[in-house]
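Have a look at the structure below, then the notes.
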Amino acid sequence: MVASNARLKETRKLSRRSERSERRLFLADGPKAVEGALEVPGCVVEVFATEAATQQYADLAAVAPQWTLVDDRALASLSDSVTPAGVVGLCRFLDRPVEHVLDGVRLVAICADVRDPGNAGTVIRCADAAGADGVVFAGQSVDAYNPKTVRASVGSLFHLPVAIEPDPAAAVRAAQAAGLQVLAADGAGEVGLDHADELLAAPTAWLFGNEAWGLPAELAELADHRVRIPIHGRAESLNLSTAAALCLYASARAHRR
């Protein structure tokens, strides 16, 4: 079918967080994201695509619940990318209650007040690559369904559970109640990541703070341990997503031993 102007207008409104939250719908931009979304039963409502994309991604068209044709201009208005790939999926929210995401797991990431969508999406991707069991966005973190977050996750948003918890302290306590030790990534931590193999072998929830100011003292104090990543050069600190990747992979390695 061909999208009507009214249909496109309603879909464009999902660029706003308030609209996404109210309708519990978001957009997945690009073939990788749409492919990942189609692997989740009932996630995809509709896929918007150009004529060229219909031919290029015929395998996606064959399994999409509804494939809607749009012209290049209309597709660009739905896409968050500078160079749209010609396909955008309309998807249902995937988040689950925190308790469900933490039940019976060995490795999760808790992001407290992480504001940058690129960082948030990259943490999801790193967690997926490290074999983690889920990600929790807590406090004033960016919307997990922000178009830039979805794009930065490169499909990983659809591979592992995501929870949203308004209270970071509640997320920490829920992790501890689920039998996970909480390790706060803290530049002033008492334990160095390069000397923490025995500690990392236990089921773990990594707690990551805001890109600019890190973790509030009162939140870091709730963690079981504070772990620092050693800096051997002159850099003051690491990018949040880089730090998250190092911590998650260190835990994944320890769990495999």
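The structure presented is a predicted model; accordingly, all values stated were derived computationally and were not measured.
Proximity of R7 to L90: side-chain heavy atoms (C-beta onward) are separated by under 4.5 Å at one or more points. With a 4.5 Å cut-off on side-chain heavy atoms, Q176 and Q181 do not count as touching. Residues F48 and L8 are in side-chain contact: their nearest non-hydrogen atoms beyond the backbone lie under 4.5 Å apart. A 4.5 Å side-chain heavy-atom check between V47 and T68 finds every atom pair outside the cut-off. At a threshold of 4.5 Å between non-hydrogen side-chain atoms, the residues L183 and L207 do not count as touching. L240 is listed as a side-chain neighbour of E211, based on a closest heavy-atom distance under 4.5 Å. Considering only heavy atoms from C-beta on, I124 stays 4.5 Å or farther from F158 through its side chain.
Taking the six-membered ring for Trp and thresholds of 30 and 60 degrees, F93 and Y145 have nearly parallel ring planes, at less than 30 degrees apart.
For the residue pair V227 and G192, the shortest heavy atom distance occurs at CG1-C, 4.2 Å. Contact between P117 and K148 at its shortest, heavy atoms only, is CB-CB, 3.7 Å. Minimum heavy-atom separation, D224 to V182: OD2-N, 2.7 Å. Closest approach of L107 and A252 over heavy atoms only: CD2-N, 4.2 Å. The minimum heavy-atom distance between Q66 and V45, with the atom names listed, is CB-O, 4.0 Å.
Dense packing is recorded around CZ of R226, with more than 12 heavy atoms of other residues, nucleotides or ligands lying under 6.0 Å away. K13 NZ: more than 12 foreign heavy atoms inside a 6.0 Å radius. When the shell of 6.0 Å around CD of E10 is examined, it contains more than 12 heavy atoms from other residues, nucleotides or ligands. E190 CD: more than 12 foreign heavy atoms inside a 6.0 Å radius.
Note on L94: it does not cluster hydrophobically with I110, by side-chain heavy-atom contacts below 4.5 Å among ILVMFWY residues. Under the 4.5 Å side-chain heavy-atom criterion for grouping Ile, Leu, Val, Met, Phe, Trp and Tyr, L78 is not connected to V150 through any hydrophobic cluster.
Here the CG atom belonging to D116 is positioned 11.5 Å from the SG atom belonging to C111, to the nearest 0.5 angstrom. Once rounded to the nearest 0.5 Å, the distance linking SG of C247 with CG of L193 reads 5.0 Å.
Each of D29, N146, D80 was scored for a side-chain hydrogen bond (donor to acceptor under 3.5 Å, both in side chains) with R151, with one residue passing: D80. Screening V108, V123, L200 for a side chain to side chain contact (heavy atoms under 4.5 Å, CB included) involving W206 leaves a single residue, L200.
By the side-chain hydrogen bond (donor to acceptor under 3.5 Å, both in side chains) test, T54 pairs with W67, sequence neighbours left out.
Between D103 and R96 there is no salt bridge, since no side-chain nitrogen of the basic residue lies less than 4.0 Å from a carboxylate oxygen of the acidic one. Ionic pairing of D143 and R20 is present here: one or more N-O contacts between side-chain nitrogen and carboxylate oxygen are shorter than 4.0 angstrom.
R12 and S77 share a donor-acceptor pair across their side chains, judged by distance under 3.5 Å alone. No donor-acceptor contact under 3.5 angstrom links the side chains of S141 and D113, judged on distance only.
A donor-acceptor contact shorter than 3.5 Å links the side chain of R115 to the backbone of Q140.
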